[in-house]
*Asks:* 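Got a structure here, written out as structure tokens. Questions coming.
Predicted model only: the values in this text are computed from it and were never measured. Numbers restart at 1 for each chain; the letters A, B, ... are given by sequence-line order, proteins then strands.
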Number of protein chains: 2
Amino acid sequence: MKRNTWQREAVRTELGRAEGFVSAQGLHSALHTSGSPIGLATVYRALADLALEGDADSLQSPDGESLYRACSTTDHHHHLICRNCGLTVEIEVDAIENWATEEASKHGFTEAAHVIDIFGLCAACTALASDRPTP
Amino acid sequence: MKRNTWQREAVRTELGRAEGFVSAQGLHSALHTSGSPIGLATVYRALADLALEGDADSLQSPDGESLYRACSTTDHHHHLICRNCGLTVEIEVDAIENWATEEASKHGFTEAAHVIDIFGLCAACTALASDRPTP
DNA sequence: ACGCCTATTGATAATGATTGTCAAAACCAT
DNA sequence: ATGGTTTTGACAATCATTATCAATAGGCGT
């Protein structure tokens with residue numbers, strides 16, 4: 001049976017408060033900063049559960065970190081993520097969904113799960129980046 | 001200056017011999033099995049270099065492992081990967097490329113790097129999977 | 001409200017992939 | 001062959017994540 005604990009709620013709340021995607025570690029330290037003495041392992045478990053239940057999105061950053069984000073809808077969608085500040089824009093394009101499924105079945109594949117995410121620099125971070133000297 | 005060593009060649013060769021994507025660790029043990037006393041760190045370095053030069057593709061499995069594959073062309077393309085046997089089909093669709101770039105710039109993003117890969121079960125593995133009892 | 005049973009927590013150890021370190025070895029131009 | 005520098009490789013270090021397991025706390029039946 002699934003029990004209701006304040007830890008689970010804390011993770012859910014903090015995830016909702018976050019702007020974009022957060023790592024488990026990041027969320028844990030954010031909670032600690034807020035005064036929660038929640039354990040790291042618990043954060044990992046809570047996030048895994050949320051992702052399982054469809055209450056959270058999860059994806060992998062190019063560095064191999066797992067990132068999570070509160071998910072309002074169970075709908076399938078993808079993301080445009082700023083690799084500098086973490087700003088996230090949800091994008092939802094049926095054409096792409098269909099393309100992925102078709103491409104898979106065209107080759108006899110089933111249970112296709114596509115990984116479609118775009119990492120980049122958002123407008124603000126692009127402006128900042130142009131300040132750095134060209135090496 | 002970049003030097004030519006038999007280790008570098010061994011990695012390149014073994015990568016070409018592999019059917020689909022391989023992990024650095026897997027490639028290392030494959031080489032060891034073949035009698036090569038190559039070091040693990042060297043394999044990582046060689047793979048990173050190959051990916052840098054465009055001679056190898058790299059992507060992340062859903063488990064967070066980095067996978068590599070020999071890449072014949074420098075062209076940008078994506079993959080359809082069987083999550084069971086590792087069979088890989090290269091797919092190349094300009095429409096998707098454009099979509100990704102447009103979607104990014106539409107939101108003011110620059111330096112967009114998209115991650116578009118489809119994991120699934122190939123025809124053969126789908127057949128095998130249907131043998132398992134329905135839980 | 002109380003107590004019991006069990007799911008959950010959390011500190012820590014374990015894991016597993018990847019990267020850093022640095023002396024020794026190998027490469028290449030001379 | 002020699003010198004100078006790159007590359008190697010054994011091992012330690014790191015980092016995120018998972019497993020362990022005793023202690024805790026949730027919630028159902030009473």
*Asks:* Could you check whether any side-chain heavy atom of B:Asp49 comes within less than 4.5 Å of a side-chain heavy atom of B:Val11, counting everything from C-beta outward?
*Replies:*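 Sidechains of B:Val11 and B:Asp49: no contact.
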*Asks:* Taking for each residue the nucleotide of DNA chain D with the nearest heavy atom, is it B:His32 or A:Tyr44 whose nucleotide lies nearer the 5' end?
*Replies:*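 The residue whose closest nucleotide sits nearer the 5' end is B:His32.
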*Asks:* How close or far is atom C1' of D:dC11 from atom CD1 of B:Ile38, stated in whole angstroms?
*Replies:*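 Whole-Å distance recorded here is 17 Å.
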*Asks:* Mind calculating the distance between CG (B:Asp49) and C1' (C:dT19) to the nearest angstrom?
*Replies:*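 Those two atoms, CG and C1', are 14 Å apart.
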*Asks:* Can you name the nearest heavy-atom pair linking B:Leu40 to B:His28, along with the distance?
*Replies:*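 Result for this residue pair: N-NE2, 3.4 Å.
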*Asks:* Going only through I, L, V, M, F, W and Y residues with side-chain contacts under 4.5 Å, is there a path from B:Val22 to B:Ile38?
*Replies:*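 Yes: a chain of side-chain contacts under 4.5 Å links B:Val22 to B:Ile38.
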*Asks:* Using a cut-off of less than 4.0 Å, is there contact between a side-chain N or O of B:Gln7 and OP1 or OP2 of D:dG9?
*Replies:*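 True: B:Gln7 side-chain N/O within range (under 4.0 Å) of D:dG9 OP1/OP2.
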*Asks:* Could you pull out the closest heavy-atom pair between B:Gly64 and A:Gln60, with the gap in Å?
*Replies:*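 Minimum heavy-atom contact is CA-OE1, 3.2 Å.
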*Asks:* Over how many whole Å does the gap from B:Arg8 atom CZ to C:dA25 atom C1' extend?
*Replies:*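 In whole Å, C:dA25 C1' lies 15 Å from B:Arg8 CZ.
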*Asks:* Classify the nucleic acid contact of B:Ser66 as base, sugar-phosphate or nothing, counting any heavy atom under 4.0 Å across all strands shown.
*Replies:*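 Touches sugar-phosphate only.
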*Asks:* Measure the distance from CG on B:Leu67 to P on C:dG16 and round it to the nearest whole Å.
*Replies:*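 One finds 17 Å between P of C:dG16 and CG of B:Leu67, rounded.
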*Asks:* Got B:His107 and A:Cys122 here, is their nearest side-chain heavy-atom distance under 4.5 Å?
*Replies:*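 The answer is no; the side chains never approach within 4.5 Å.
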*Asks:* Take atom NE2 of A:His28 and atom P of C:dT12, then tell me their distance rounded to the nearest Å.
*Replies:*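 After rounding, the gap between these two atoms is 12 Å.
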*Asks:* Could you state the atom-to-atom distance from CG of B:Leu47 to P of D:dT8 in whole Å?
*Replies:*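 Computing the B:Leu47:CG to D:dT8:P distance gives 12 Å.
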*Asks:* If you take the centroid of each ring, where Trp contributes its six-membered ring, are A:His79 and A:Phe21 closer together than 6.0 Å?
*Replies:*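 Ring centres of A:His79 and A:Phe21 closer than 6.0 Å.
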*Asks:* For A:Leu40 and C:dA11, give me the distance from atom CG to atom P, rounded to whole Å.
*Replies:*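 A:Leu40 atom CG is separated from C:dA11 atom P by 10 Å.
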*Asks:* Which part of the nucleic acid, if any, lies within contact of B:Gln25, taking any heavy atom under 4.0 Å across all strands shown: a base, the sugar-phosphate backbone alone, or nothing?
*Replies:*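 Base: the residue B:Gln25, judged by heavy atoms under 4.0 Å, touches a nucleobase.
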*Asks:* If we only count heavy atoms from C-beta on, is the A:Lys2 to A:Arg8 side-chain gap below 4.5 Å?
*Replies:*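 Heavy-atom side-chain distance check passes, below 4.5 Å.
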*Asks:* One character per nucleotide, please: for nucleotides 19-30 of chain D, 5' to 3', B when the base has a protein heavy atom closer than 4.0 Å, S when only the sugar-phosphate does, - otherwise.
*Replies:* BB----BBS---
*Asks:* Send over the distance from B:Leu31 CG to D:dG9 C1', rounded to a whole Å.
*Replies:*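 Spelled out: CG on B:Leu31 to C1' on D:dG9 is 14 Å.
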